[in-house]
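Since this is a predicted model, take the numbers as computed values, not measurements.
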Amino acid sequence: MPVVSMTVNGKPASADVEARTLLVQFIREQLGLTGTHVGCDTSQCGACVVHVDGRAVKSCTMLAAQAEGADIVTIEGLAKDGELHPVQAAFREHHGLQCGFCTPGMIMTAVDMIRRKPDLDEETVRDELEGNICRCTGYHNIVKAILAASREMR
Amino acid sequence: MSDAASGEGIGQPVRRKEDFRFITGNGHYTDDINRPRQTWACFLRSPHAHARIRSIDTSAAEAAPGVVAIFTGRHVADDGLGGLICGWTVTSKDGTPMKVGPHPILALDTVRYVGDHVAMVVAETLADARAAAELIDVDYEALPATVSLSACQSAGAPQVHPEAPRNTCFEWELGNKAETEAAFAKADRIVKLDLKNNRLIPNAMEPRAALGEFDKGTGIYTLHTTSQNPHVARLVLSAFVGVAPEHKLRVIAPDVGGGFGSKIFIYAEETACVWAAAKVGRPIKWTADRSEAFLSDAHGRDHLSHAELALDKDGKFLGLRVKTVANLGAYLSTFSASVPTYLYGTLLSGQYDIPAIYVEVDGVYTHTAPVDAYRGAGRPEATYLVERIVETAARETGIDPAELRRRNYIRTFPHQTPVIMNYDTGDYEASLAAAMEAIDYKGFPARKAEAAKRGMLRGIGFSSYIEACGLAPSAAVGSLGAGVGLWESAEVRVNPTGDVEVLTGSHSHGQGHETTFAQLVASRLGIPLANVEIVHGDTDKVQFGMGTYGSRSGAVGMSAIAKALDKIETKAKKIAAHLMEAAVEDIVFENGTFTVQGTDKSLAWAELSLAAYTAHGFPSSEIEPGLKEGAFYDPTNFTFPAGCHICEVEVDPDTGIVKIAKFVAVDDFGTIINPLIVEGQVHGGIAQGIGQALLEHGVYDADSGQLITGSYMDYCMPRADDLPSFSLGFTTTVCPSNPLGMKGCGEAGAIASPPAIINAVTDALGIRDIEMPATPARVWTALQSVASRAAAE
Ligand code: FES
Ligand code: FES
């Protein structure tokens, strides 16, 4: 079995994995970081979004081996020194989550979205969320939270 | 400082206590839990909609790498395990009980839908289990199947269960047939409508999962599972399936990622995992992948109805008659029989004074996944029917849709409908007026004209809905066929330091109970919210409870807490009276402090709590030490949330795409504990309603019985860019049947919104009806026939 090595949330991580191991499996099962979720088997729900070298990626669409040497950030690594990331704080402030299952993927997607598009408006946020499904919130408060965070981070 | 002043009290938009763990990735969902020596299960599922199993050969699979054990229906039957049950018995109009086919955990000799459970493979890894399942050789004799609601009752239709001729489980009726016929006989106008309520697949984002364990030393089974009601699951698994005695079975529903009804039910996979854990002597984990969820979660809705509304010359409703065929799927799921009957027929009076109603419902089996409660459960189907036919009546009589509704609203309470329900309170006019104001109804013609200039077709649609929530009271539901009581329990444990644990039989899977329940407790006891912990979802901690569904946790679950808090206060006052040497009648408890009326003596909550446990200051022969009280609360009536949703759409005639231009919801939920959370519930409900009206449809192939919409590629989930932001408002009439005045808010959005949207779409297109979901293809086709009709005229 090949050994893969990467940096996850600032710490080196490596393990023997089967070649077919998906990045999300590596994160959840090998590293025990269960904040990243699996909500589908067709790469459409976005519950599994993490950052790979600073970009939002659906970790169910990538093999662990493809992340060799990469810098990975998961939801567990977003808050720094006990300080919530502004997007995390905005989700709480604006009630952008209910059951919380889609939330890690939503937040990781939102962080990347704000980085790429500093001047977000509602329509752009809704467009950009096309790959993240939430069944609970009707997106209303997720959109609100992302817009608020993006204003704050400007 | 009082709780209200600190912004934590009742009615405050308190930010949720539970959020921290979810936004930091520290939630604990079932699939996040792993055990040493854990094995993995994979279920082999039927590829046929209907087939006889001639034989199952597991020898190759057993020899495959990593395989620990393989179980088939034979093992289950040999072990004496019962099948899954339906906890609600419906009686047909001829007085016979519903006809129930057996529902085995693993199929014995017949499979009845694509996805039906054939065998369970337990292996060292999930990959091993899956690979081995492929090696199981099942010799099927494929049989003809019926998936069509309109054809399944005809003479030659393939039979799902021999116990139910013509695939008919029950032929139920409600209301007064003779009075309704008489009302129709004197009508000036009869409006008729045929309606389909499309099949939906719930799709909570967390797929179902189970972790079964068995402790050899104690003989105790533990099941971690994605459940909305772990105690009911334990009861069914113990008393009916026979997995283990109730006291030897612990069911834990940890963080659960949404339910919407689909996680109320007791399913085969979860049952098999906990049962087999003892057989293999190791923990067994199973998590559905999304494809399995599509195939095997209980689906929702799926009705075919004919409705007729009788009106007099002034547009007053005289009578309503309805004939509905409701799909139950291949097996009766846990509460499926109640959904198209007592949760549907009883709401057909809507917000209107309709003197005579008669409804007939045939519950039928088809070779499809079981159909059971999905957000709203029966009430969306009733609301869709009522609000579509009322809108159609408005168009046919030329009376403004708001005006026709107004003319028929119930205005005095209590109001006894002809279909069981006794509405306690409401003000339908108020929510209608507020919604019309919010959407600027007067300005609609101008907006329509402006849209027309852009080549767009703009339409407006109303929905004045009512629902029955807080599912209860027990004696009432029992008389209607429920196999369970529908009360709720609570236990308030005050610790010696004065902080509090509240054990509730409700279960939160997104509803925010850890916050709203704590708001109630903190405000009653005058302590900070942070000092209150809500405990739920574990049968070892909470003695019993009925769980969360039917928008019942506020009205019923919180009322139970309120009742336990009353007892706490009573006992605490007795203790305070001793400690402060006063008469108990003179003790006042306010803002966390006990005082003696007319004196300056006082005792803080924490002091009293400690004193209750040291038991030094009062005679323990008179008052027991400690401060812990429990309550079971059984309400006196259902609650009746109601309101008005108005939707404006714009249709692009070139593409058939429907865009929701405005959506206004004004709801009356009675007392609101936390507006932030209530609004969130409404948003989510509306989104699911928009999904039903425009996007979602569970479809089986008519010939093969295959589920065509089995993934997010073909089942259209509402995405952010399909939806608008919503405009919400509230009106309030306080519910008289529970101590807090709450009505329930969890399902309203899904119940109210579909007819508002379809009324708007048909208004925009100038057509009488369109089937849900009103997809671009359907809308475009409808437009072509409007155009060709216009050309012909
Ligand atoms: S699990 Fe990766 S997109 Fe759904
Ligand atoms: S919060 Fe439940 S799926 Fe988004």
Side-chain angles (χ1 to χ4, degrees), chain A residues 18 20 25 28-29 32-45 47 74-79 84-85 87-105 107 122-123 125-144, chain B residues 13 15-16 18-29 31-34 127 202-207 255-260 287 289-293 508-512 676-677 679-688 690 711-713 717-726 749:
Chain A
E18 287 186 65
R20 63 182 166 188
Q25 293 171 319
R28 284 182 59 81
E29 290 158 28
L33 294 170
T34 55
T36 303
H37 296 151
V38 176
C40 73
D41 44 17
T42 49
S43 287
Q44 280 165 312
C45 75
T74 70
I75 187 72
E76 290 92 341
L78 202 57
L84 291 179
H85 186 281
V87 174
Q88 289 173 308
F91 267 66
R92 177 163 196 272
E93 177 61 24
H94 297 282
H95 189 31
L97 63 148
Q98 291 180 24
C99 79
F101 196 79
C102 72
T103 310
I107 290 176
E122 174 169 348
E123 202 183 325
V125 173
R126 287 184 181 275
D127 262 8
E128 288 272 333
L129 284 180
E130 215 271 339
N132 290 72
I133 302 178
C134 173
R135 192 54 149 169
C136 297
T137 64
Y139 305 98
H140 182 108
N141 285 341
I142 292 178
V143 173
K144 215 165 149 184
Chain B
R15 304 306 187 261
R16 298 200 320 170
E18 45 271 82
D19 282 355
F20 181 77
R21 67 177 185 272
F22 296 129
I23 56 179
T24 55
N26 288 297
H28 289 292
Y29 301 88
D31 188 58
D32 300 340
I33 301 164
N34 292 295
N203 275 300
M205 290 317 295
E206 179 205 23
D255 287 331
V256 173
F260 316 111
T287 299
D289 58 30
R290 184 56 60 185
S291 306
E292 287 185 281
S508 184
H509 31 279
Q511 296 88 342
L676 195 67
I677 287 178
E679 284 171 12
Q681 289 294 311
V682 178
H683 296 153
I686 296 172
Q688 289 179 357
I690 293 173
S711 81
Y712 290 147
M713 318 271 267
M717 291 285 279
R719 311 282 210 284
D721 57 355
D722 295 314
L723 304 176
S725 282
F726 312 112

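For B/Val682, no part lies under 4.5 angstrom from a heavy atom of chain A. For a residue to count as touching a neighbouring chain, one of its non-hydrogen atoms must lie under 4.5 Å from one of that chain's; by this rule A/Thr137 touches chain B with the backbone only. Proximity to chain A (any heavy atom under 4.5 Å) is shown, for B/Ile677, by both the backbone and the side chain. A/Val38 touches chain B through its backbone: at least one of N, CA, C or O sits under 4.5 Å from a heavy atom, while the side chain does not. For B/Asp31, the parts lying near chain A are the backbone and the side chain together; criterion is any non-hydrogen pair under 4.5 Å. Heavy-atom distances place the side chain of A/Leu84, and not its backbone, under 4.5 Å from chain B. If you measure heavy-atom distances from B/Ser725 to chain A, the contacts under 4.5 Å come from both the backbone and the side chain. In this structure, chain B has a heavy atom under 4.5 Å from the side chain of A/Glu122, while its backbone stays farther away. Of the atoms belonging to B/Met205, heavy atoms from both backbone and side chain fall under 4.5 Å from chain A. Heavy atoms of A/Ile133 lying under 4.5 Å from chain B belong to its backbone as well as its side chain. Residue B/Ile686 does not touch chain A at all, counting heavy-atom pairs closer than 4.5 Å. Only the side chain of A/Arg28 comes within less than 4.5 Å of a heavy atom in chain B; its backbone stays farther off.
Distance alone, capped at 3.5 Å, places no donor-acceptor pair between the A/His94 side chain and the A/Gly96 backbone. Side-chain atoms of B/Asp721 never come within 3.5 Å of backbone atoms of A/Glu130 as a donor-acceptor pair (strictly under, hydrogens ignored). Under a 3.5 Å cut-off, the side chain of B/Arg290 and the backbone N or O of A/Gly39 do form a donor-acceptor pair. Within the 3.5 Å criterion, the main-chain N or O of A/Ile142 finds no donor-acceptor partner in the side chain of A/His140. A donor-acceptor pair under 3.5 Å is absent between the side-chain atoms of B/Arg16 and the main chain of B/Gln511, judged by distance alone. The backbone N or O of B/Glu292 sits less than 3.5 Å from a side-chain atom of B/Asp289, completing a donor-acceptor pair.
When each of A/Glu128, A/Gln88, A/Gln44 is checked for heavy-atom pairs under 4.5 Å with chain B, A/Gln44 comes out on top. Counting heavy-atom pairs closer than 4.5 Å to chain B, the top-ranked of the candidates A/Cys136, A/Pro104, A/Gly35, A/Gly32 is A/Cys136. In terms of heavy-atom pairs under 4.5 Å with chain A, the best-connected choice from B/Gly259, B/Pro13, B/Pro724 is B/Pro724. Note: A/Gln98 leads A/Gln98, A/Arg20, A/Glu123 in heavy-atom pairs under 4.5 Å with chain B. Comparing B/Gly680, B/Ala720, B/Gly27, B/Gly258 by heavy-atom pairs within less than 4.5 Å of chain A, the highest count is held by B/Ala720. The choice from B/Gly512, B/Gly257, B/Ala687 that makes the most heavy-atom pairs within less than 4.5 Å of chain A is B/Gly257.
For the atom pair B/Asn26 CG and A/Ile75 CD1, the distance stands at 9.5 Å (nearest 0.5 Å). The distance from the CG atom of B/Asp722 to the CG atom of A/Leu129 is 11.5 Å, given to the nearest 0.5 Å.
Closest heavy-atom contact between B/Pro202 and A/Arg135: O-NE, 2.8 Å.
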With side chain to side chain contact (heavy atoms under 4.5 Å, CB included) as the test, would you mind laying out the steps for A/Arg126 and B/Leu723 before giving the verdict? CA-CA 8 Å; A/Arg126 287 184 181 275; B/Leu723 304 176; 3.9 Å; yes

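Between A/His37 and B/Tyr29, the angle of the ring planes goes over 60°, which puts this pair in the perpendicular group of the 30/60° scheme.
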